[in-house]
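To start, the structure itself, in structure tokens.
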Number of protein chains: 2
Amino acid sequence: MGLTKTEIFTEEQNALAIALKAMAHPARIAILQQIIKANACICGDLVDELGLAQATISQHLKELKNAGIIQGTIEGVSVCYCINPEVWSALQKQLSGFFNTYNLKPNCC
Amino acid sequence: MGLTKTEIFTEEQNALAIALKAMAHPARIAILQQIIKANACICGDLVDELGLAQATISQHLKELKNAGIIQGTIEGVSVCYCINPEVWSALQKQLSGFFNTYNLKPNCC
DNA sequence: TATATCGATTGCAATATTACGATTAATATT
DNA sequence: AATATTAATCGTAATATTGCAATCGATATA
């Protein structure tokens with residue numbers, strides 16, 4: 001046990017869950033906010049900005065990259081990260097679609 | 001270790017992470033979709049609909065309830081669950097705000 | 001070439017999550 | 001009262017996550 005039964009759910013349900021999970025950590029939300037705020041890409045600045053060890057930040061970046069939400073390119077010694085626009089807007093659409101399936105009805109219970 | 005350092009993040013970052021985490025599981029997404037689709041509230045029907053044990057569904061419902069996303073009222077022997085409209089729309093706003101802070105710029109890396 | 005810097009990876013410890021059988025508490029039904 | 005039904009909870013096992021020190025690989029600079 002301790003293993004999600006992905007086979008009993010739809011592709012969409014699994015995909016959405018994976019995307020949400022990738023963002024479901026304050027450090028990863030902070031990283032995304034920093035990347036967006038800095039507009040141009042940043043890299044090891046994240047280690048200074050957030051109060052986490054370099055190894056920990058690198059791990060969080062890896063998860064965001066695995067989920068496709070961000071992309072990184074090597075820039076000399078450092079690595080530059082930025083939002084993946086396609087994945088970002090796709091996720092945005094998917095999420096707003098999900099939330100919009102519920103149309104504010106009077107409390108039923 | 002193995003413990004998220006919530007103290008170094010803002011209230012908003014932590015709150016958003018908790019809400020996303022509550023939805024970041026295919027079973028909980030499926031539960032929310034069922035509750036929305038059934039319009040009127042449902043209960044143990046979820047156990048039949050999804051292929052998970054009663055104890056597991058109950059646990060997932062508890063997590064969604066803890067996050068405030070759903071609410072449940074006792075209805076005789078069974079329990080009726082439905083979306084919490086306030087929390088739902090608040091989360092919707094919060095998320096769309098988060099996604100909108102990024103305005104599709106040309107790939108920078 | 002030697003050294004410094006950056007960031008990924010490895011290995012480890014602590015804690016959290018997922019799932020389920022078994023049990024329990026509460027309300028219905030006979 | 002005895003039994004059935006519903007859903008929460010407990011206990012347990014397997015796996016995942018979080019975080020960091022230490023190390024490694026690659027590029028830059030002296």
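Below, chain A is the first sequence line, B the second, and so on; all start at residue 1.
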For nucleotides 13-15 of chain D, tabulate all protein N/O to nucleotide N/O atom pairs closer than 3.5 Å, reporting atom names and distance.
from	atom 1	to	atom 2	distance (Å)
dA14(D)	O4'	Met1(A)	N	3.3
dA14(D)	O4'	Met1(A)	O	3.4
dA14(D)	N3	Met1(A)	O	3.3
dT15(D)	O4'	Met1(A)	O	3.4

Nearest whole angstrom, please: distance from the P of dG7(C) to the CD of Gln71(A).
-> 17 Å

Please name all residues satisfying side-chain contact (heavy atoms from CB on, under 4.5 Å) with Leu50(B), sequence neighbours left out, ordered by chain then number.
-> Ala30(B), Ile31(B), Ile57(B)

dG19(D) phosphate, OP1 or OP2, under 4.0 Å from His60(A) side-chain N/O | yes

Paired with dT30(C): which nucleotide, if any, by Watson-Crick or G-U wobble criteria at under 3.5 Å for both distances?
-> dA1(D)

For Ser58(B), the side chain to side chain donor-acceptor pair (under 3.5 Å) test, sequence neighbours excluded, returns none

Ring pair (Phe, Tyr, Trp, His ring centres under 6.0 Å) partners for Phe99(A), two or more places apart | Trp88(B)

Kindly write out the residues that satisfy side chain to side chain donor-acceptor pair (under 3.5 Å) with Thr10(A), not counting sequence neighbours, or none if the list is empty.
-> Gln13(A)

With distance as the sole test, does Asn14(A) use its side chain to make a donor-acceptor pair with the main-chain N or O of Thr6(A) at under 3.5 Å?
-> yes

Would you say Glu11(B) has more than 12 foreign heavy atoms packed within less than 6.0 Å of its CD?
-> no

The side chain to side chain donor-acceptor pair (under 3.5 Å) partners of Thr4(A) (sequence neighbours excluded) come to His25(B)

Residues that Asn100(B) engages under side chain to side chain donor-acceptor pair (under 3.5 Å), provided they are two or more places apart = Gln92(A)

First of Lys5(A) and Asp45(A) reached from the 5' end of DNA chain C, by closest nucleotide | Asp45(A)

Rounded off to whole Å, could you give me the CD1-to-C1' distance for the Ile70(A) and dG7(C) pair?
-> 13 Å

Between the protein and nucleotides 24-30 of chain D, are there any N/O to N/O pairs under 3.5 Å, and if so, what are the atom names and distances?
none

Nearest atoms (heavy-atom pairs only) where Ile69(B) meets Met23(B) | CD1-CG, 3.7 Å

Could you write out each protein N or O paired with an N or O of nucleotides 8-11 of chain D at a distance under 3.5 Å?
from	atom 1	to	atom 2	distance (Å)
dA8(D)	OP1	Tyr81(B)	OH	2.3
dA8(D)	OP2	Ser58(B)	OG	2.7
dA8(D)	N7	Gln54(B)	NE2	2.9
dA8(D)	N6	Gln54(B)	OE1	2.9

Residue pairs passing the salt bridge (charged side-chain N to carboxylate O under 4.0 Å, His left out) test with at least one member in residues 28-53 of chain A, sequence neighbours excluded, are Arg28(A)-Glu63(A)

Quick one: closest heavy-atom pair of Tyr81(A) and Gly72(A), and the distance?
-> CD2-CA, 3.6 Å

side-chain contact (heavy atoms from CB on, under 4.5 Å) partners of Ile8(A), counting only residues at least two apart | Lys5(A), Leu52(B)

Give me the residues of residues 17-33 of chain B where at least one heavy atom lies under 4.0 Å from an atom of DNA chain C, by number, or none.
-> Lys21(B), His25(B), Arg28(B)

How many angstroms lie between CD1 in Ile83(A) and CD1 in Ile35(A), if you round to the nearest 0.5 Å?
-> 5.5 Å

